[in-house]
Each structure stands twice: as C-alpha cells, then as structure tokens.
Amino acid sequence: MAGLTSFDAALARLAEAAGPLDSQSVPIAAAAGRVLASPVHARLASPRVAVSAMDGYAVADATTRAGDWLAVIGEARPGLPFGDAVGPGQAVRLFTGAPVPPGADRVIVQEHAERDGDRVRFTPGYGPASHIRAAGSDFAEGALLLEAGTLLTPRALLAAAGADMAELAVYRRPRLAILGTGDELAAPGTAASQPFAIPDSVTLGVAALAADCGAEVVWRGSQGDDLAGLTERAGALLAMSDLVVVTGGASVGDYDFAKAMFAAHGLDLVFSKLAIKPGKPVWFGRSGDCLVLGLPGNPTSALVTAGLFLRPLLARLQGRPVAAALPWRRLPLAAPLPPTGDRETFVRTIWDEAGLRPVRNQDSGAQLALAQSEWLVRCPIDTPALPAGTVVSALQL
C-alpha cells in the first residue's frame, strides 16, 4: 500500500533505532527475569569431585564379586566425605551426591545390597553402570555457561547459581511511561457513573504486557484531548522514562494529538503508519534520549501491536534480539481463513485439538474476543483464502 511501511521494514528500523541500556550488578536472588549484560563463567567445576549418583556402596570394582562379603569401613554424605581410601574387600556407604572415596571406581546401588552389621554383599547383576558422576562432568571451572543477552529464566538462573555467582551483571530495566489519550477515557470502576465514558482498559493491558517483558512502569494514566496539556505531560514523561508509549490520537482528526504533543520536544519519526491490520496507526520515533511508540486506541489493536512492537522494543533495550521476542511457529489451521488485501493481517485465533481456529469477532475494539484469543496468525499482503489444514506462521499472544 503506497505510503505505508511494511511490518518487516518497521521491525528492522525499530531494531536499528533501539540499543541496549546501561548495565548494573544485582544480587543473584534479585536477577530472575533480567537479561545478562556479561557472560557467566563457572567459578568452580560441577561436580567439584567425583560423587555418587545413587544411594549405595563405593567399592573397588576389580576386587568385588557378587556374593562375597565386604567390610563396611565408613560412610559419606554430600559435603561430608569419608576420610580414607577404599581397598580390596572393603566398601563405604554412600548417599546420593556424596564424594566417592579414593580407590573406589563403582557405586553399587543399595537395591543390590544385603547388609549384616559392618559387612555387606551384593546380588548378581549390579552392573554395568558405575553410578558415579565424574568431576567436571557437568561443566569445568572457567567454562562459559551463559552468554551475554541470556534471559535469566529459572533454568538459566539455576546454572548461574551453580557457577557460584553471588552477583550478576544485567541490563537495566527500561523505564516505561504509558499514556492513554482521549476525553472519553475514565479509570476502571468510575466509567459507569459518567455518561459516555469508556473504561481505560488499554493502558492497563499494555502495562501488564510491558511488566512481563521486564519493563519498570514508572507512570501510567490517561489524559483528555487538549494539546497544551498533552504537550506538558509529554515533557514530564520524557524526563522520567527511557520509553513512552502513547495510545490513541494517531489519526488525522482535529483532536488527534499523539504526535503533535511531542513536536515541541523534538520528535524524530522512525516510521509512521504501517501496512498491517490491525495496527495501521502505529508509529515510532525518538525525542532526545527517549524513545516514543504510538499504538492505536482500540483495545484489540493496541494489545496486538504492543505484542508485535513493544515486546521486541523492550527486548532490544535489554540486549536481546527482536527475534527472541517474536518466536513464530508453524502450526496448522483448524478452520479456513479469508483472503487478505493490501495490508498484512494478524488474525486472532484459539488453539484446539485440530489446530488454530479464528475467533469470530476480529473487530479492533473487541475486548472479549481478545481475552479469548491465544495466537496470532500472520497473513502476508494478498494472501489467498486458506483452507483448514494449511500450515501458517503463528505467534502466541
């Protein structure tokens, strides 16, 4: 569509305009959900010494035979090793994770053991596994465990802790302000008492999405369509934020001031108006050191485009690539889709046992349908009608 920016081009410009914020060191207990600014190398090996993988008995394999009695000369627990070596005819009781004593090269699990006081013997068939985790078999001291840019999921955080890290260098959380524009907006819980008012659902939904993506929401609210007041508000939000998100006011009406409110603050547009549906009014720019993202005012359009643009933008500010925030998958349709026109279309769908099924109400203001939706199906410009069973590109909402 002439004069409109494509989805892919807009994402490329967004990625180029937004880079990682500065980094900070935080205690590992406070690092969940953050993004590493520096790689993590192991400060010690794991395991540090050979340890038992099972409860059982440590023995010298070459001199041990099923049915022969061995003297139990001690025991070892995790962190409490047996202080001597194991010789022929001897065994040491071990518990899972306990250091394997010198001289032992097999742990025979307790299910094969018959204990009689200070001696033990083993039933046939206790091999061939040695049930010993070799020193450094997980990772060696100094090994690279996590690259910079890694999201500290519970799994990654566990590995960082296993590397004996007390603190981690992470990217600072983006400070985000969210402003809904429109005389009709009222705080949820107050709209019913105001004729013609509409609950401000959009900024709440965008704030929740942003928080899930690691942002620190420093301000959220709405304001009426008064250019002077909005301009003043814009200046205040720019001063406290790394990124300002504005919803609504991006059309060409007499009271659409989303871009105009930043004019006095030196707005430099990166893109404006996209060849996508929903989301044609989406725009993005910079004002000084602060980024500004404009989203549509309709609830579905706003949250869908927040997923498509705010999510990757926040990823970029935290040192991650755009692709990490948009993990498209190839999934089948459970029902047909109509053809698209001259704008790339993102269809809201639900997942059932047959595949992706479009929700009935695709209107840009449909809040109930949005709550029911689980996936977006990406349909490029001029995509023909797609029958059920077609494998499509989909993104989880």
Side-chain angles (χ1 to χ4, degrees), residues 26-34 36 38-147 150-168 170:
V26 300
I28 192 169
R34 306 294 290 272
L36 282 174
S38 297
V40 170
H41 293 267
R43 298 182 64 241
L44 44 74
S46 179
R48 301 177 74 176
V49 298
V51 298
S52 177
M54 303 285 284
D55 290 349
Y57 293 84
V59 300
D61 187 52
T63 59
T64 301
R65 300 286 183 272
D68 293 348
W69 289 101
L70 284 73
V72 179
I73 59 175
E75 73 171 32
R77 290 178 282 163
L80 296 173
F82 175 69
D84 206 346
V86 174
Q90 296 178 330
V92 170
R93 179 75 166 107
L94 294 185
F95 298 91
T96 302
V100 176
D105 56 1
R106 180 185 292 280
V107 173
I108 300 176
V109 298
Q110 64 183 20
E111 288 82 358
H112 282 283
E114 179 187 341
R115 184 77 179 261
D116 179 19
D118 289 336
R119 62 180 189 163
V120 66
R121 64 182 177 184
F122 305 106
T123 58
Y126 55 72
S130 66
H131 302 298
I132 294 175
R133 297 188 180 115
S137 56
D138 188 0
F139 51 80
E141 181 179 347
L144 173 64
L145 302 190
L146 301 171
E147 298 272 9
T150 298
L151 177 66
L152 288 167
T153 63
R155 301 181 304 280
L157 197 65
L158 182 147
D164 198 33
M165 302 295 293
E167 294 189 340
L168 296 172
V170 297

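Bear in mind the structure is a predicted one, so any value in this text is a computation, not a measurement. Values reported hereafter were calculated over all heavy atoms of this structure, with side chains retained and with hydrogens, waters and symmetry mates removed.
Taking all atoms of both residues into account, the shortest heavy-atom contact from Asp61 to Asp105 is N-OD1, 2.7 Å. Nearest heavy atoms, Ala104 versus Ala58: CB-CB, 3.7 Å. The minimum heavy-atom distance between Ala163 and Ala42, with the atom names listed, is CB-CA, 3.8 Å. Of all the heavy atoms in Val72 and Tyr57, the pair that sits closest is CG2-CE2, 4.2 Å. Here the closest heavy-atom approach between residue Ser52 and residue Leu94 is recorded as CB-CD1, 3.8 Å. Residues Met54 and Thr96 approach most closely at C-OG1, 3.2 Å, considering heavy atoms.
Taking CG from Asp68 and OG1 from Thr63, the interatomic distance works out to 9.5 Å, rounded to the nearest 0.5 Å. Rounding to the nearest 0.5 Å gives a distance of 12.0 Å between OG1 of Thr150 and CG of Leu157. Residue Glu141 holds its CD atom at 7.0 Å from CG of Leu44, rounded to the nearest 0.5 Å. Here the CG-CE distance, from Leu146 to Met165, works out to 9.5 Å after rounding to the nearest 0.5 Å. Annotation: the span from Asp118 atom CG to Ile73 atom CD1 amounts to 11.0 Å, rounded to 0.5 Å. Here Leu152 contributes atom CG and Leu36 contributes atom CG; the two are 4.0 Å apart, rounded to the nearest 0.5 Å.
Formation of a donor-acceptor pair under 3.5 Å by the Arg115 side chain with backbone atoms of Gly117 is found in this model. Under a 3.5 Å cut-off, the side chain of Arg106 and the backbone N or O of Ala129 do form a donor-acceptor pair. Looking only at distances, no side-chain donor or acceptor of Arg121 sits under 3.5 Å from a matching main-chain atom of Ala66. In this structure, the side chain of His131 does not engage the main chain of Ala53 through any donor-acceptor pair within 3.5 Å. Counting only distance, with no hydrogens or angles, the side chain of Asp138 and the backbone of Ser46 share no donor-acceptor pair below 3.5 Å. With hydrogens and angles disregarded, a donor-acceptor distance shorter than 3.5 Å links the side chain of Arg43 to the backbone of Asp164.
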TODO: Test Phe139 against His41 for side chain to side chain contact (heavy atoms under 4.5 Å, CB included), laying out the working first.
DONE: CA-CA 10 Å; Phe139 51 80; His41 293 267; over 6 Å; no

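You'll find the side chain of Glu75 reaches within 4.5 Å of the side chain of Phe95, heavy atoms only.
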